[in-house]
Visitor: 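Have a look at this one before I ask anything.
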Amino acid sequence: MAMLGSVLHLSPMVLTITSSTSRSFLPKQSERTKEATSSSLKNCKTIDELRMFHHSLTKLGDVSVTTITKLVARSCELGTRESLSFAKEVFDYSEANVELNGSCFVYNSLIRGYASAGLCKDAILLFLRMMNSGISPDKYTFPFGLSACAKSRANRNGIQIHGLIVKLDYAKDLFVQNSLVHFYAECGELDCARKVFDKMSERNVVSWTSMICGYARRDLAKDAVDLFFQMMRDENVTPNSVTMVCVISACAKLEDLEMGDKVYAFIRSSGIEVNDFMISALVDMYMKCNANDIAKRLFDQYGVRNLDLCNAMASNYVRQGLTKEALGVLNVMMDSGIRPDRISMLSAISSCSQLRNILWGKSCHGYVLRNGLESWDNICNALIDMYMKCHRQDAAFRIFDQMSNKTVVTWNSIIAGYVENGEVDAAWETFNTMPEKNIVSWNTIISALVQESMFEEAIEVFISMQSQEGVNADGVTVMSIASACGHLGALDLAKWIYYYIEKNGIQLDVRLGTTLVDMFSRCGDPESAMSIFNSLTNRDVSAWTAAIRAMAMAGYAKRAMELFNEMIEQGLKPDGVVFVGALTACSHGGLVQQGKEIFNSMEKLHGVAPEDVHYGCMVDLLGRAGLLEEALQFIKDMPMEPNDVIWNSLLAGSRVQGNVEIAAYAAERIQVLAPERTGSYVLLSNVYASAGRWNDMAKVRLSMKEKGLRKPPGTSLIQIRGKTHEFTSGDESHPEMPQIEAMLDEITQAANHLGHVPHLRNVLMDVDEKEKIFMLSRHSEKLAMAYGLISSNKGTTLRIVKNLRVCSDCHSFAKFASKVYNREIVLRDNNRFHFIRQGKCSCGDYW
DNA sequence: CTAGGGTTAG
């Protein structure tokens, strides 16, 4: 009925045609019908009505350029596929039958229509055809053409048009200039945009807004804000709501809450209209700044009735990982009668995949099918991601196979899905065969390799990505690589990555900063770690934790405690993780009293309930300090059942103190709780060996043998000229083994000469003394040390990473080597650093 | 005639 109503509102002329088959009732062409043309066109809401209108025009012989232009414009406005092709029909007809007299009006109309309907290629082709037909463009033609070029990133065509503008002397027109600024900005040519902008003799709001928006859309949000302030100082121009939407989105990009607040305050005081666009932008900004409470308040204030606003809320919740909240918004939205659109569904499906909730995921899929949203490839991509994450590969591939235009995102969802399902090989194969890769593809595969502990492979891929494919890394890439680097303890590479970040202007936010602090601390460079930490603004608890851990690992317990206190003073709420860092620091530094105070403050002052790791830290702290009885009592007083990790802490403490009874007791408990835990046997046999109780030691070894347990092999890494060399205890496969052996002999002789006595109790095998000495001499850290000495320049620091605790013989050996060869040796074991120089170690032989 | 928010994959 509604449609019929709109037909009835048409001019009498069209009404006549719809209601009658007889042509004799057609009105004669008159002034009245001409006046009615415009308004009746506006009332045409369907393609059929437009066809009838056109038909009547032809019958009446009204083929004026103006009317045809209006008809084309209206057809395009309807925006459907049919209406656009009808516009083309009318256009072709007019080109053949209407006396255009070189007029560009019809062309303008269709170029504009194509551009605004997203058919940018057609718009550009039409523009070029117009040039070839010798029809002169007017000042309206250029903005339409440039808008098409901007939308489709047709840089070369845009530049051509710019040339034409100069040639035909339209370069002084304000609208043309604005379009040029927008075109260049949209194509990422900010410098060109700025050049046009700077040369303008007169600028209006649109000029400023286009430029500001250009900066905001690329990662130059700071320039956007700066330019806005410059605009405010210009008396000839006043920002409007479009300008403010751009400025708000710049604040969102910068995650600058303070600035965002100021901008919002300005909007309210200036009386600029707060429209729906702006509310969405504000909500988005507040959520990107993690000020969800303010966003929520705005949301509640302006109401759910706005679909776009709901979408902004939901998508940000999804981004923050708050999937329940995202789905909540969508539910509230549906309750108030708003149908979710495809953007809403992206958030909904993405929530389901984050939650791994196949049930909700399937129901989203159902909604998508019922509403015909599956034709949009983004929706398919989201569905593929969801099914892959829910381990339904078959369902994912059913969608994948049906997709007509698979994009790079589609392929990325597949490789990420394979990784998620543990099929890294399949991911790698797909990665190598996919038709197009972007930075996300590379990041997916690099992070998969890092997750699989294939650090060197990850770095290789990272290097070939840039050298062979010319792809630039982003913040996500360097996060993965920094993590790989930290695991390898590769300091040179670490420094290079830091340099890379600075050189390429990769934004160093808290997350990346924290990763770098961690990287440098794991590479044995606590100074660089701290200088990055000090440069960070907006430090969160994780950042502080990384700094505290850096100090703890390097043995600076006091500094670690200062950092902890500083963090509390700044009003941050500590979590369980930072307490582990603080307690570890106390433990390494022997700060018993402080450790106890911190532990006691956890629940009372900070409301963080101690978990078993924290109890473990305390047992470690007490045990290392020789307070074994107290440690044992502490375990007995625990509110939960002590696990094997806690008993192992006690055992380790007993080893340091040489307390056989407690060691045996702890080892017994571990064998009940975790019989496969090899390390405890090794520790216990060490304790017996130190006490000279060889029989007991033999028993431990025997029981290991019976259970088929072997000490896991020690491995050590060292980087020489960017290449990682890995040595395993007793392994002789290194190509330079003869030279390494010669070097080992040389150091051993020198060390023995200075009083080194081999710590034979580190050898658990039942072999003769000579064999023991030999086995000891082939420990992985010694091999790495010897190789380092022969293959690096004199005086440079040797950096070695070991997978297990460093053995006491190797520790002593390293001290001698540092003195004899005048080298600093940095040795990282599985829980701390040893900085060894001139025969002394930073750990004070307490580890 | 020119300028605007929300868009899946790491």
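Atoms considered below: every heavy atom in the structure, side chains included; atoms not considered: hydrogens, waters and symmetry mates. The sequence lines fix the lettering, A, B, ..., with proteins before strands; numbering per chain opens at 1. Given the structure is predicted, the values throughout are model-derived calculations rather than measurements.
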Visitor: With sugar-phosphate meaning primed atoms plus P, OP1 and OP2, does A/N438 contact a base, only sugar-phosphate, or nothing at under 4.0 Å between heavy atoms?
Guide: base
Visitor: For A/D173, which contact category applies under a 4.0 Å heavy-atom criterion: base, sugar-phosphate, or nothing?
Guide: nothing
Visitor: Identify the heavy atoms of A/L512 and A/M479 that sit nearest to each other, and give their distance.
Guide: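 Heavy atoms of A/L512 and A/M479 come nearest at CA-SD, 3.5 Å.
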Visitor: Separation of A/Y215 atom OH from B/dG4 atom P, in whole Å?
Guide: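 In whole Å, B/dG4 P and A/Y215 OH are 16 Å from each other.
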Visitor: How is A/L346 classified with respect to the nucleic acid when contacts are heavy atoms under 4.0 Å: base, sugar-phosphate, or nothing?
Guide: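 A/L346: backbone/sugar contact only, no base atoms under 4.0 Å.
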Visitor: Go through B/dT2, B/dA9, B/dG6 for me and flag the one nearest to the A/N204 side chain.
Guide: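 When the side chain of A/N204 is considered, B/dT2 is the closest of B/dT2, B/dA9, B/dG6.
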Visitor: Can a side chain N or O of A/S350 be found less than 4.0 Å away from OP1 or OP2 on B/dA9?
Guide: yes
Visitor: When A/E186 is tested against each of A/K151, A/R217, A/R218 for side-chain hydrogen bond (donor to acceptor under 3.5 Å, both in side chains), which residue passes?
Guide: A/R217
Visitor: Compare the minimum distances between each of B/dG4, B/dA9, B/dT7 and the side chain of A/V409, then state the nucleotide with the smallest one.
Guide: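 Among B/dG4, B/dA9, B/dT7, the one nearest the side chain of A/V409 is B/dA9.
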Visitor: From the set B/dG4, B/dG6, B/dA9, return the single nucleotide nearest to any side-chain atom of A/S413.
Guide: B/dA9
Visitor: Report which part of the nucleic acid A/K389 touches: base, sugar-phosphate, or nothing (heavy-atom distance under 4.0 Å, all strands).
Guide: sugar-phosphate
Visitor: Give the rounded distance in Å between these two atoms: OH of A/Y418 and C1' of B/dA9.
Guide: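 Result: 15 Å.
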Visitor: Please state how far atom CE in A/M285 lies from atom P in B/dG6, giving the value in whole angstrom units.
Guide: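 Taking CE of A/M285 and P of B/dG6, I get 12 Å after rounding.
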Visitor: Provide, to the nearest angstrom, the distance between the NZ atom belonging to A/K151 and the C1' atom belonging to B/dA3.
Guide: 12 Å
Visitor: Where the side chain of A/D474 meets the backbone of A/V476, is there a donor-acceptor pair that is under 3.5 Å apart?
Guide: yes
Visitor: Look at all strands and tell whether A/N306 reaches a base, only sugar-phosphate, or nothing, counting heavy atoms closer than 4.0 Å.
Guide: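 It contacts nothing in the nucleic acid.
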Visitor: Quickly work out the A/Y170 OH to B/dC1 P distance and round it to whole Å.
Guide: 17 Å
Visitor: Which label fits A/F91 and A/Y107: parallel for a plane angle under 30°, tilted from 30 to 60°, or perpendicular past 60°?
Guide: perpendicular
Visitor: Does A/H182 place a side-chain N or O at less than 4.0 Å from the phosphate oxygens OP1/OP2 of B/dA3?
Guide: yes
Visitor: Phosphate oxygens OP1/OP2 of B/dA9: is one of them under 4.0 Å from a side-chain N or O of A/T444?
Guide: no
Visitor: CE of A/M287 versus P of B/dT7: gap in Å, rounded?
Guide: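 Interatomic distance, CE of A/M287 to P of B/dT7: 11 Å.
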Visitor: Atom CZ of A/F142 to atom P of B/dA3: distance rounded to whole Å?
Guide: 16 Å
Visitor: Check every strand shown and say whether A/R217 touches a base, only sugar-phosphate, or nothing at a heavy-atom separation below 4.0 Å.
Guide: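 Here A/R217 touches the backbone only, sparing every base.
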Visitor: Remember a base hit wins even if backbone is also touched, and classify A/D474 as base, sugar-phosphate or nothing at under 4.0 Å, heavy atoms.
Guide: base
Visitor: Is it true that the side chains of A/N292 and A/Q320 contain a donor and an acceptor less than 3.5 Å apart?
Guide: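 Judged by distance alone, the side chains do pair up.
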Visitor: With respect to the side chain of A/N381, which nucleotide from B/dA3, B/dT8, B/dC1 is positioned closest?
Guide: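 Looking only at side-chain atoms, A/N381 lies closest to B/dT8.
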Visitor: Is the aromatic ring centre of A/Y140 closer than 5.5 Å to the centre of the six-membered base ring of B/dC1, with the two planes inclined by less than 30°?
Guide: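 Given the distance and angle limits, no, they do not stack.
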Visitor: Heavy atoms only, 4.0 Å cut-off, all strands: where does A/F144 land among base, sugar-phosphate and nothing?
Guide: sugar-phosphate
Visitor: Need one value for A/N240: base, sugar-phosphate or nothing, where a base atom within 4.0 Å counts as base even if backbone is also close, heavy atoms only.
Guide: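 The answer is base, as A/N240 lies within the cut-off (heavy atoms under 4.0 Å) of a base atom.
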Visitor: Is the positively charged end of A/K406 above the ring of A/F400, judged by distance under 6.0 angstrom from the centroid and angle within 45° of the axis?
Guide: yes
Visitor: Measure distances between side-chain N and O atoms of A/N378 and base N and O atoms of B/dT7, and say whether any donor-acceptor pair falls under 3.5 Å.
Guide: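 Answer yes: a donor N or O sits under 3.5 Å from an acceptor.
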Visitor: Whole angstroms only, please: what is the CD-P distance between A/E77 and B/dC1?
Guide: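 About 11 Å, once rounded to whole Å.
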